[in-house]
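We count ligands from 1, going down the list as the structure has it; atoms in each ligand are counted the same way. Bear in mind the structure is a predicted one, so any value in this text is a computation, not a measurement. Throughout, numbering of the chain's residues begins at 1 and tracks the sequence.
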Amino acid sequence: VENKTITRLCRTRTIVTVNGEFPGPQIEVDEEDRVIIEVTNKASSGISIHWHGVYQKRTCWFDGPSYVTQCPIQPGNSFTYNFTVVGQRGTLWWHAHAGWLRATVYGAFIIQPSSNPLPEEHTIILGMSNFFAYFLHDFPGQWWNSDVSAMVDEATAAGVPPNISDALTINGLPGLLYGGCSESDTARVRVAESNTHLLRLVNAAMQIEMFFGIANHTLEVIEIDASYVKPFNTSTVVIGPGQSMNVLITTGSDVGSYLMAARAYSAAPSIPIDNTTSSAILEVGDSSDVPADLPDLPGHFDTAFVTEFEDKVLGLVEGAVPTEIDKEMVITVSMNVLDCPPDASEESCQFFEGRAGASMNNISYVHPNTSILEAFYTGASSGVYTTDFPQYPPVVFDYTGPPPANLNAVRGTKVHVVEYGTRMQVILQGTSLVVAESHPMHLHGFDFFVVGRGLGNYNSSLASTFNLWDPPKHNTVQVPAGGWTALRFLATNPGAWYFHCHLDFHLSVGLGIVLIVENGDEPSEQLVPPPVMPAC
Ligand SMILES: [Cu+2]
């Protein structure tokens, strides 16, 4: 991990990279591979790396989120991640999980299946990022000459949401539609004529759900979050931050170039968004043309399209969902106004006279200054966390109705402990507090089945509508604005697992919890002993 000077749109900045590359290097492994990655921190602030979507079965030590499974790797220090990829294949990704460093520290993590279903496969990696928010904005203090954490301090000093981004990117490049300097900053991907190609899509953006499409081409979605789905065709895919997706395209017999494009989707029209469009060029055969026609993407607030898209997503594997459950949790997922801390200045509390915040079941998560997992493993949790994260919302109200008076979410470091082997059902209930937004919720250590979702408030009679036959299996799911999502998973992976919103602003103001899954009785159901972990 090191600083590197890069130029985009004729502006030069220093950013944090891995091996000097942006986006970072693609990691390719085979099913069942043991993966050993030595991370040396030559940047100026602590960092850790998360292998997004990798189960880390019994190896929670190497999952990566700072202050959850490890202390950050301090500048000048190294840490070796060491895990085996078991029972999964497809497109995942890796990214920094410390502060907002993932803005520039990310790359694809690809698990090749032991048997390849495609006669001729080409792999195309698309990254998407709105890191330009932090790249082009003239924040006082010129954060980019030091590190992103300084920028976070600037952006959140007033306790309000950060500015919107200036540009989106595809493979780290903004594309043709950003004025001067654009053409040289446009990604090109070359594929053969008359063939079927696999595109591996990752949404690495900090804050933005996206639409993505290719002019004149239909996308066949075959896999989401490294789990197969029943294949379906679409002109546009919807991909949230943290999600990955495999799609097939078939090229025609003519040589030619086509624009690929990505732009923001938002469920909350009242909030300003980055309304720019990132583009890249798909070259079919030996073509160096610069095409002009954009794919026909839905409008920024086209929630109807998103709902229709999500209705098409069904799991390829049938009958794998736990039909009985042992434990249910109902968790509100909410934006909030947090109290101004007693020692804070007025300038730092400019969001409805408090600070912009977020919570789950009214607890706005605060990181301890050490690793939750280490505290749990060594029995030294006192003063680090408490285990009283509520199983149900502490205050029952019309969650998605007219916003009630602020419920005064409180800051805290509370975890929820689950016995090994528990068949879990988790209802994530959105609220209209402050603003009804959709939240891409990501669970570490597991895939979950998305058995139901709807608008309004969840109640137990809606369980009869669940799809317990072929629901999709994801590691990240959108909780719809003003609605709910129902998940099921089997808690057979011991460890401390972060469960959080993948919009980094929401995450940084408290939208997360830690689920601790206890060891089982058998040695094969227990955490491996820890390596020497970084010190806080
Ligand atoms: Cu969120």
Side-chain angles (χ1 to χ4, degrees), residues 50 52 65 68 95 97 99-100 102-103 128-130 133 152 155-156 159-165 203-210 225 238-243 264-274 300-301 303 306 310 330-338 351 355-367 393 399-400 403 407 409 411 426-444 448 450 453 455 458 474-485 487 498-515:
H50 170 53
H52 183 114
V68 178
H95 61 81
H97 216 305
W100 287 24
R102 80 170 179 86
M128 302 173 185
S129 169
N130 61 339
V152 176
T156 57
V160 300
N163 291 339
I164 59 170
S165 54
N203 183 345
M206 299 293 280
Q207 299 284 68
I208 296 182
E209 295 171 55
M210 296 214 210
D225 288 0
V238 182
I239 183 165
Q243 288 188 313
Y265 158 67
S266 169
S270 63
I271 300 176
I273 57 160
D274 179 341
H300 288 296
F301 307 108
T303 295
V306 173
E310 288 177 348
V330 178
I331 305 175
T332 56
V333 173
S334 188
M335 300 309 293
N336 298 94
V337 180
L338 294 178
F351 192 73
R355 285 187 178 170
S359 65
M360 295 172 76
N361 275 354
N362 275 14
I363 310 298
S364 186
Y365 186 77
V366 177
H367 284 298
Y399 306 110
T400 55
L407 290 171
R411 299 176 178 90
V426 178
I427 311 295
L428 297 170
Q429 172 69 60
T431 82
S432 48
L433 284 170
V434 184
V435 63
E437 282 191 64
S438 68
H439 300 278
M441 296 298 296
H442 171 50
L443 175 61
H444 291 221
F448 45 72
V450 183
R453 69 190 155 83
L455 295 177
Y458 176 79
H474 294 334
N475 63 52
T476 305
V477 68
Q478 314 285 342
V479 178
W484 54 272
T485 297
L487 316 175
Y498 210 4
F499 187 16
H500 64 86
C501 182
H502 222 283
L503 302 179
D504 267 51
F505 171 61
H506 294 180
L507 171 60
S508 64
V509 295
L511 218 168
I513 60 167
V514 174
L515 283 179

List the atom of Ile513, the atom of Met360, and the distance in Å for their closest heavy-atom pair. N-SD, 3.8 Å
Using 2.8 Å as the threshold, say whether any N, O or S atom from Cys501 sits that close to the Cu ion (ligand 1). yes
For the pair His500 and His439, evaluate side-chain contact (heavy atoms from CB on, under 4.5 Å) and give the outcome as yes or no after the intermediate values. CA-CA 9 Å; His500 64 86; His439 300 278; over 6 Å; no
In His439, the N, O or S atom nearest to the Cu ion (ligand 1) is which? ND1
On the 0 to 90° scale, with breaks at 30° and 60°, tag the Phe505-Trp100 ring pair as parallel, tilted or perpendicular. perpendicular
Of all heavy-atom pairs linking Gln429 and Trp484, the shortest is OE1-CB, 3.8 Å
If you check every N/O/S atom of His506, which is the one nearest the Cu ion (ligand 1)? ND1
